Q: 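First the structure, then my questions, so here it is.
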Amino acid sequence: MSAPTPVPTRDAYGGIVDGLGRAALVVAAVVVAVAVGLLGTHPTPLSELRTAIASGQVHDLRVAGTLPEGASGFATAYVRWSAGGFDRLTTVRQVSSPDQGEGARSDVVVGSIEQHLREVQGAGVLRIVHDESARPTGGSMVGIELPSWVVGGALLVWVLSLLLLVMGPEPSRATRWGWFWLLVSTFAPLTTVLFLVLGEPAQRRSGEPGRRRRFGGGRAFVLMLLVGGFVWSQR
């Protein structure tokens, strides 16, 4: 007499769906991370741009937002360039006289930006083109300018991860509230990946009276406040 074929339970189906959904989100998160590295434009200070020009690493620049020749006042100008395989964007405060640059937090150039950059020109020809496409596109994440589809993809992964936390099985290593405060913190791009990789469903061993102690919501909230406050104070 053959043994009866076990029938998959609802919990088993739920575990399979959760596992496939989590795996799909991990793949999507990896795609977004690769896109950030390959397609992102990194903010770079003027000092690094000057160093790159002086060393002969940079020969092509696109500039936008500069003051018209002979104009007085100030303007926020943008310089796009590439070095080390990454696109970079330098924001410059251009002023017509030195006294207008006092108290400015951004990099300041008095007079012509083109002339300022040619003063440190290294080997080879430095080509500077005035192009309005050098302006920021408006889409960014963790301070890196990105195409809109990358920002949208990252937002979608975050929202689906939050739904998985709320509607899915109880996660391991931290409570729902613990993971929630981590996911809505300023470190969401990192903590979302950590949740997808480390927040698998909690397993309770047979005969175990209670759950293992996990990272709680109160501690996660305080941790994110302290770490977030420290990071912002260093800016």
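Just so it is clear, the model here is predicted, and its values are computed rather than measured.
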Q: If I compare all heavy atoms of Ile113 with all of Thr66, which pair ends up nearest, and what's the gap?
A: CD1-CG2, 3.9 Å

Q: Just to verify, what does Glu48 make a salt bridge (charged side-chain N to carboxylate O under 4.0 Å, His left out) with, not counting sequence neighbours?
A: none

Q: Against Val32, only a single residue in Val27, Thr192, Val150 fulfils side-chain contact (heavy atoms from CB on, under 4.5 Å); can you say which?
A: Val150

Q: Using 0.5 Å steps for rounding, measure from the CG atom of Asp87 to the CG atom of Leu38.
A: 10.5 Å

Q: Under a 3.5 Å cutoff, is there a donor and acceptor pairing between the side chains of Ser82 and Arg88?
A: no

Q: For the residue pair Leu49 and Thr44, establish whether any side-chain heavy-atom pair is separated by less than 4.5 Å.
A: no

Q: If I take atom OG1 from residue Thr41 and atom CD1 from residue Ile144, how far apart are they, to the nearest 0.5 angstrom?
A: 9.0 Å

Q: Determine which pairs satisfy salt bridge (Lys or Arg N to Asp or Glu O under 4.0 Å) with at least one residue from residues 66-85, sequence neighbours left out, and list them in order.
A: Arg80-Glu145

Q: Check whether the side chains of Glu114 and Ser112 place a donor and an acceptor atom closer than 3.5 Å, and report yes or no.
A: no

Q: Any donor-acceptor pair under 3.5 Å linking the side-chain atoms of Arg62 with those of His130?
A: no

Q: Would a distance-only check, ignoring hydrogens and angles, find a side-chain to backbone donor-acceptor pair under 3.5 Å from Arg50 to Gln121?
A: no

Q: Report the distance from atom CZ of Arg176 to atom CG of Leu183, rounding to the nearest 0.5 Å.
A: 12.5 Å

Q: Linking Ile, Leu, Val, Met, Phe, Trp and Tyr through side-chain heavy atoms less than 4.5 Å apart, which residues share a cluster with Leu89?
A: Tyr78

Q: Under 4.5 Å between any side-chain heavy atoms of His116 and Leu46, yes or no?
A: yes

Q: Are side-chain heavy atoms of Gln94 and Thr76 found at a separation under 4.5 Å?
A: no

Q: Less than 4.5 Å apart, any side-chain heavy atom of Leu61 and any of Val129?
A: no

Q: In the single-linkage hydrophobic clustering (I, L, V, M, F, W, Y; side-chain heavy atoms under 4.5 Å), do Leu182 and Trp177 co-cluster?
A: yes

Q: Could you report the tightest heavy-atom contact between Ala64 and Glu132, atom names first, then the distance?
A: CB-CA, 3.9 Å

Q: State, to 0.1 Å, how close Gly73 and Leu67 come at their nearest heavy-atom pair, and which atoms those are.
A: O-CD1, 3.7 Å

Q: For His59, give me all partners under ring-ring contact (aromatic ring centres under 6.0 Å, His included), at least two apart in sequence or on another chain.
A: none

Q: Counting distance only, does the side-chain N/O of Ser172 pair as donor-acceptor with the main-chain N or O of Leu198 below 3.5 Å?
A: yes

Q: Any side-chain heavy-atom pair from Ser161 and Leu196 closer than 4.5 angstrom?
A: yes

Q: Sequence neighbours left out, what passes ring-ring contact (aromatic ring centres under 6.0 Å, His included) with Trp179? Give chain and number order.
A: Phe195

Q: Work out which heavy atom in Val193 is nearest to a heavy atom in Ala29; give both atom names and the distance.
A: CG2-CB, 4.2 Å

Q: Where is the tightest heavy-atom contact between Ser96 and Ala71, given as atom of each residue plus distance?
A: CB-O, 3.8 Å

Q: Answer with yes or no whether the hydrophobic clustering places Leu164 together with Val31; edges join I, L, V, M, F, W, Y residues whose side-chain heavy atoms lie under 4.5 Å apart.
A: no

Q: Do Phe180 and Thr175 make a side-chain contact, defined as non-hydrogen atoms from C-beta onward lying under 4.5 Å apart?
A: no

Q: With a 4.5 Å cut-off on side-chain heavy atoms, are Val63 and Asp131 touching?
A: no

Q: Decide side-chain contact (heavy atoms from CB on, under 4.5 Å) for Val184 and Trp158; before the verdict, give the C-alpha distance in whole Å, the side-chain angles of both, and the deciding distance to 0.1 Å.
A: CA-CA 9 Å; Val184 299; Trp158 178 78; 4.1 Å; yes

Q: Which atom pair, heavy atoms only, marks the closest approach of Val95 to Val108?
A: CG2-CG1, 3.9 Å

Q: Is there a side-chain contact between Ser185 and Thr191 (heavy atoms, below 4.5 Å)?
A: yes

Q: Assigning hydrophobic clusters by single linkage (Ile, Leu, Val, Met, Phe, Trp, Tyr; side-chain heavy-atom cutoff under 4.5 Å), is Ile53 placed with Val125?
A: no

Q: Per the salt bridge (Lys or Arg N to Asp or Glu O under 4.0 Å) rule, what does the pair list look like for residues 148-167, sequence neighbours excluded?
A: none

Q: Nearest 0.5 Å, please: how far is CH2 in Trp81 from CG in Leu117?
A: 10.5 Å

Q: Applying a strict under-4.5 Å side-chain criterion to I, L, V, M, F, W and Y, I'd like to know whether Leu160 and Leu194 cluster together.
A: yes

